[in-house]
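First the structure, in the form of structure tokens, and then the observations on it.
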Amino acid sequence: MLDMQRDNFPRGTICIEDIEIGMKRHLRKQVTDRDIELFAEVSTDRNPVHLDDDYANDTIFEGRIAHGMLTAGLISAVIGEQLPGHGTVYLGQTLKFMAPVRPGDMVMAEVEVTEIDHGKRKVTMQTRCEVDGKNVLKGEAIVLAPSRKFD
């Protein structure tokens with residue numbers, strides 16, 4: 001089986017002193033039925049549009065879809081594991097859901113640095129998720145980046 005996650009960036013930390021405007025990081029993950037079931041269990045969101053084929057087929061989505069926040073969680077993974085990475089504190093996130101993610105979809109989650117406030121260690125990033133080159137989620141994240149000065 002082809003490893004579709006092989007081009008994900010390494011996990012770790014990029015300190016505020018090394019972050020630059022335009023830096024990008026991403027990950028790819030295939031959303032599985034198990035992911036959706038586990039998310040429903042953890043979140044207690046058991047909306048049948050996520051879990052019941054018969055129900056979901058009669059909705060505007062014409063089939064089951066992943067929870068939007070499961071998809072958004074992939075943005076959190078990029079931020080918490082890659083850019084800035086370990087030690088990052090989330091301050092805020094906006095989200096706009098643009099299309100559904102379905103079981104089996106390969107999601108590419110990406111963040112791009114757009115603003116840096118070195119004095120406050122704040123980093124603003126454009127965030128997005130896409131499936132087959134089509135945006136399914138977009139937004140903006142503001143985080144507090146780790147610093148070598150506070151190690």
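Predicted model only: the values in this text are computed from it and were never measured.
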Report yes if the side chains of V107 and K29 come closer than 4.5 Å at any heavy-atom pair, otherwise no. no
T127 and side chain to side chain donor-acceptor pair (under 3.5 Å): which single residue from E112, E110, K138, Q93 fits? Q93
Please check: side-chain N/O of E140 versus main-chain N/O of T124, any donor-acceptor pairing under 3.5 Å? no
For the residue pair H67 and F39, categorise the inter-ring angle as parallel (less than 30°), tilted (30 to 60°) or perpendicular (more than 60°). tilted
For I75 against R128, the heavy-atom pair lying closest together: CD1-O, 3.3 Å
Can you tell me if CE on M98 sees more than 12 non-hydrogen neighbours from other groups inside 6.0 Å? yes
Heavy atoms only: give me the nearest Y55-N47 pair and the separation to one decimal. CE2-OD1, 4.4 Å
Do the side chains of V89 and V123 join up, straight or via other hydrophobic residues, at under 4.5 Å, putting them in one cluster? no
If every non-hydrogen atom of P146 is compared with every non-hydrogen atom of H86, which pair is closest and at what distance? CG-O, 3.5 Å
Give a yes or no on whether the backbone of A145 and the side-chain of R121 come within a donor-acceptor separation of less than 3.5 Å. yes
Atom CG in D132, atom CE in M106: separation rounded to 0.5 Å? 10.0 Å
Starting at OH of Y90, measure out to CD1 of I142 and round the result to the nearest 0.5 Å. 11.0 Å
Sub-3.5 Å donor-acceptor pair from the side chain of R64 to the main-chain atoms of H50, do we have one? yes
About how many Å separate OG1 of T32 and CG of L38, when rounded to the nearest 0.5 Å? 7.5 Å
Is L91 reachable from I116 through a run of I, L, V, M, F, W or Y residues, each pair having side-chain heavy atoms under 4.5 Å apart? no
Neighbour count above 12 (heavy atom, 6.0 Å) for D53 CG: yes
Can you tell me how far CG of L83 sits from NE2 of H26, rounded to the nearest 0.5 angstrom? 12.5 Å
Residues I65 and P100: closest non-hydrogen pair is CG2-CB, 3.5 Å
Write out all pairs satisfying side-chain hydrogen bond (donor to acceptor under 3.5 Å, both in side chains) with one or both partners inside residues 14-24, taking only residues at least two apart or from two chains. E17-S147, D18-R148
Between V131 and F97, is there a shared hydrophobic cluster once you connect ILVMFWY residues whose side-chain heavy atoms come closer than 4.5 Å? yes
Hey, what do you get for CG (N135) to NZ (K96), rounding to the nearest 0.5 Å? 10.5 Å
Contact summary for R25 and Q82, nearest pair of heavy atoms: CB-OE1, 3.2 Å
Calculate, to the nearest 0.5 Å, the distance between atoms CE and OG1 belonging to M125 and T114 respectively. 8.5 Å
Of all the heavy-atom pairs spanning V113 and I19, show the shortest one and how long it is. CG2-CG2, 3.8 Å
Going hydrophobic residue to hydrophobic residue with side-chain gaps under 4.5 angstrom, can you get from I16 over to I14? yes
Answer yes or no: is there a side-chain heavy-atom contact under 4.5 Å between V31 and P103? no
Please check: side-chain N/O of R46 versus main-chain N/O of L51, any donor-acceptor pairing under 3.5 Å? no
Decide whether V42 and I36 are clustered together by the hydrophobic rule: side chain heavy atoms of Ile, Leu, Val, Met, Phe, Trp, Tyr closer than 4.5 Å, transitively. no
